[in-house]
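Notes follow once the structure below has been shown.
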Amino acid sequence: MARKNRRNPKPVRGRRYESRRGKPRPCTVCPQGGVDWKDTGFLRKYMSDRGKIRGRRVTGLCPNCQRQVATAIKNAREMALLPYVGGK
Amino acid sequence: MRDYEIMTIHRPDLAETEIDSKVSEIESFLADSGGSVTKRDLWGKRRFAYEIDHLSEGFYSVLTFQAQPETVETLERRLTLADEVLRHKIVRLEE
């Protein structure tokens with residue numbers, strides 16, 4: 001119940017988080033245990049519609065997972081599964 | 001012995017049956033040099049995300065296998081020379 005009221009958090013002494021964005025969300029890839037570079041549908045989630053790899057501040061992944069996703073996308077690009085430049 | 005995964009793209013102008021035998025060639029090469037194939041997955045014809053050699057599609061196949069590093073090296077060399085293979089990628093599988 002305490003977690004529910006996320007929009008109006010109880011005032012805490014001092015600033016807990018640096019940004020105004022609020023509490024950082026946990027990495028969404030970690031629990032899956034590994035990234036498959038052949039799963040294009042999954043990798044697309046981490047690309048812009050132009051085909052660029054989204055940055056960590058956008059994806060919210062931990063450093064390790066972000067790196068795994070990035071190399072997976074690069075592998076998939078080499079095999080023409082994903083575009084280098086997605087014509088918009 | 002190490003675990004690997006190999007993806008190959010064969011030319012789209014080959015027949016479906018030819019693809020099968022080409023993939024089997026890779027499999028038998030691995031078996032002959034002491035490796036073992038654990039999984040074979042033919043994706044069939046698939047569109048490329050971009051053109052490769054003015055072609056827009058190709059036959060994809062994925063094999064999971066165990067082999068010695070030296071075997072992989074020679075396989076790599078053979079695939080680069082093979083005309084019917086447009087592209088290939090061998091990736092080491094981590095636990």
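Convention: sequence-line order gives letters A, B, ...; per-chain numbering from 1.
- Residue B:Ala49 comes nearest to A:Pro83 through the heavy atom pair CB-N, 3.4 Å, listed as atom of the first residue, atom of the second, then distance.
- No more than 12 heavy atoms of other residues, nucleotides or ligands shown are found within 6.0 angstrom of NZ on A:Lys74.
- Interface residue A:Leu82: only backbone heavy atoms are found under 4.5 Å from chain B.
- Atom CG of A:Leu81 is separated from atom CE of B:Met7 by 5.0 Å, given to the nearest 0.5 angstrom.
- No path of Ile, Leu, Val, Met, Phe, Trp and Tyr side chains, each step under 4.5 Å between heavy atoms, connects B:Met1 with B:Val91, placing them in separate hydrophobic clusters.
- Residues B:Ile19 and B:Val62 are members of separate hydrophobic clusters, defined by side-chain heavy-atom contacts under 4.5 angstrom among Ile, Leu, Val, Met, Phe, Trp and Tyr.
- Side-chain contact between B:Tyr60 and A:Lys38 is absent, with no heavy atoms from C-beta onward closer than 4.5 Å.
- Listed options B:Arg47, B:Arg87, B:Lys89 were ranked by heavy-atom pairs under 4.5 angstrom with chain A; first place goes to B:Lys89.
- We find the CE-CD1 distance between A:Met79 and B:Ile52 to be 7.5 Å, quoted to the nearest 0.5 Å.
- A single hydrophobic cluster is not seen to contain both A:Trp37 and A:Val29; linkage of ILVMFWY side chains at heavy-atom distances under 4.5 Å, directly or through other members, places them apart.
- Residue B:Glu51 does not touch chain A at all, counting heavy-atom pairs closer than 4.5 Å.
- Taken together through direct or relayed side-chain contacts under 4.5 Å among Ile, Leu, Val, Met, Phe, Trp and Tyr, A:Leu61 and A:Phe42 form part of one hydrophobic cluster.
- The environment of CG in B:Asp53 is sparse: at most 12 heavy-atom neighbours from other residues, nucleotides or ligands sit within 6.0 Å.
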